[in-house]
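Written out below as structure tokens is the structure these notes cover.
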Amino acid sequence: MRVGITGHRGLPVPVEKQVRAMLAARVETFDARDLVGVSCIADGPDAWWAEAVLDAGGQIEVVVPAEEYRQGLPDWHHPVYDRLMRNASEVHRTGLRESTSEAHQAGSEILVGLCDELTAVWDGQPARGYGGTADVVAYARRTAVPVTVLWPEGAAR
């Protein structure tokens, strides 16, 4: 089973704890021997999903939206990003150089195309910018990829 991830970055610590627990519980619903988590491994739910899949004994595949993508992520996240890249069984690239909203959406569309289903850490609100979580969910739904939304009750971004 190939399960992709999309989700909001920059969540408050109490929400992060809840989301991490929800992602770990979601991983447990799959047979880890057959689970491949597909992620862009950005800070937040992307990385937490990849870590949960690996911790359970599954594999991860990484989608890199742009050659400059890593540089656009927070410096404190680089060690996590690098570790997850080293653990990826496969890496997919858009071929784009600049890490723009368009590149992020292109990467997400590749991610959705690789998945049997998508997990979305999403508050149900419109995207704050092109290529945000709501846009990825909408794309998955348009392409008939099932979406499971995870969001802690009463949480805010």
Side-chain angles (χ1 to χ4, degrees), residues 1-12 15-16 19-20 22-24 26-27 30 34-56 58-151 157:
M1 174 66 72
R2 302 168 64 77
V3 183
I5 184 73
T6 187
H8 301 307
R9 296 170 58 201
L11 297 174
V15 176
E16 173 185 339
V19 168
R20 282 181 178 266
M22 294 173 92
L23 291 171
R26 178 110 173 96
V27 166
F30 300 101
D34 297 323
L35 180 59
V36 177
V38 185
S39 176
C40 293
I41 62 172
D43 52 300
D46 286 15
W48 306 336
W49 174 250
E51 290 170 331
V53 169
L54 289 171
D55 289 348
Q59 295 182 9
I60 61 168
E61 291 185 13
V62 173
V63 177
V64 179
E67 294 308 310
E68 297 174 355
Y69 179 67
R70 180 184 179 275
Q71 294 92 306
L73 298 172
D75 289 344
W76 57 261
H77 181 65
H78 290 176
V80 173
Y81 183 91
D82 295 344
R83 178 175 45 80
L84 292 172
M85 281 293 280
R86 285 192 303 273
N87 283 283
S89 61
E90 196 166 341
V91 177
H92 308 271
R93 299 179 186 276
T94 63
L96 300 171
R97 180 155 185 74
E98 292 183 49
S99 190
T100 62
S101 296
E102 291 76 17
H104 297 175
Q105 182 66 24
S108 293
E109 290 179 9
I110 290 171
L111 182 146
V112 168
L114 293 168
C115 296
D116 298 309
E117 59 183 76
L118 179 71
T119 298
V121 177
W122 180 43
D123 63 2
Q125 299 299 310
R128 293 182 177 172
Y130 181 68
T133 303
D135 294 331
V136 180
V137 169
Y139 179 79
R141 288 178 173 161
R142 278 195 313 274
T143 58
V145 173
V147 178
T148 298
V149 175
L150 302 179
W151 190 252
R157 300 198 258 167

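Every heavy atom of this structure was used, including side-chain atoms; hydrogens, water molecules and symmetry mates were not. Predicted, not measured: the structure shown is a model, and the values here were computed from it.
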Task: His77 to Asp43 - nearest heavy-atom pair and separation - done: NE2-N, 3.3 Å
TODO: Would you indicate whether the side-chain heavy atoms of Val62 and His92 approach each other to under 4.5 Å?
DONE: no
Open item on the list: Are more than 12 heavy atoms, taken from residues, nucleotides or ligands other than Gln59, located less than 6.0 Å from that residue's CD atom?
Closed with: no
- [ ] Would you mind reporting whether His8 and Arg128 have side-chain heavy atoms less than 4.5 Å apart?
- [x] no
Task: Side chain to side chain, Trp49 and Val27, heavy atoms closer than 4.5 Å - done: yes
Open item on the list: Could you tell me if the side chain of Leu118 sits less than 4.5 Å from the side chain of Leu111, heavy atoms only?
Closed with: yes
- [ ] Taking Asn87 for its side chain and Arg83 for its backbone only, find out whether a donor-acceptor pair lies under 3.5 Å.
- [x] yes
Task: Separation between CD of Glu109 and OG1 of Thr143, rounded to the nearest 0.5 Å - done: 8.5 Å
- [ ] Indicate, with yes or no, if the rings of His104 and Tyr130 have centres closer together than 6.0 Å.
- [x] no
- [ ] Quick one: do Tyr139 and Thr6 satisfy side chain to side chain contact (heavy atoms under 4.5 Å, CB included)? Show the steps, please.
- [x] CA-CA 12 Å; Tyr139 179 79; Thr6 187; over 6 Å; no
TODO: For atom CD of Glu98, decide whether the heavy atoms of other residues, nucleotides or ligands shown that lie under 6.0 angstrom number more than 12.
DONE: no
Open item on the list: I need the Gln125 CD to Trp151 CH2 distance, nearest 0.5 Å.
Closed with: 9.5 Å
Open item on the list: Once rounded to the nearest 0.5 Å, what's the spacing between atom OG1 of Thr94 and atom CD of Glu102?
Closed with: 11.5 Å
- [ ] Would you mind reporting whether Val136 and Trp122 have side-chain heavy atoms less than 4.5 Å apart?
- [x] no
Open item on the list: In the structure I gave you, are the side-chain heavy atoms of Arg20 and Leu23 within less than 4.5 Å of one another anywhere?
Closed with: no
Task: Atom pair OG1 (Thr133) and CG (Asp123), whose distance is rounded to the nearest 0.5 Å - done: 8.0 Å
TODO: Taking atom CZ of Arg97 as the centre, report whether more than 12 heavy atoms of other residues, nucleotides or ligands fall under 6.0 Å from it.
DONE: no
Open item on the list: Against Ile60, only a single residue in Leu35, Val36, Ile5, Leu84 fulfils side-chain contact (heavy atoms from CB on, under 4.5 Å); can you say which?
Closed with: Leu84
Open item on the list: If I compare all heavy atoms of Arg9 with all of Pro74, which pair ends up nearest, and what's the gap?
Closed with: NH2-CD, 3.6 Å
- [ ] For residues Pro65 and Cys40, report the shortest heavy-atom separation together with the two atoms involved.
- [x] CG-SG, 4.1 Å
TODO: Give the minimum heavy-atom separation between Gly107 and Val63, together with the two atoms involved.
DONE: O-CG1, 3.4 Å
- [ ] Over all heavy atoms of both residues, which pair between Asp46 and Gly7 is shortest? Give the atoms and the distance, please.
- [x] OD1-N, 4.1 Å
Open item on the list: A side-chain contact here means heavy atoms from C-beta on lying under 4.5 Å apart; do Met85 and Val64 qualify?
Closed with: yes
Open item on the list: So, taking the atom named CG in Leu114 and the one named CD in Glu61, what distance separates them when rounded to the nearest 0.5 Å?
Closed with: 6.5 Å
Open item on the list: Minimum heavy-atom separation for Cys115 and Val38, please, with both atom names.
Closed with: SG-CB, 4.0 Å
Task: Heavy-atom side-chain contact between Glu51 and Val80 under 4.5 Å - done: yes
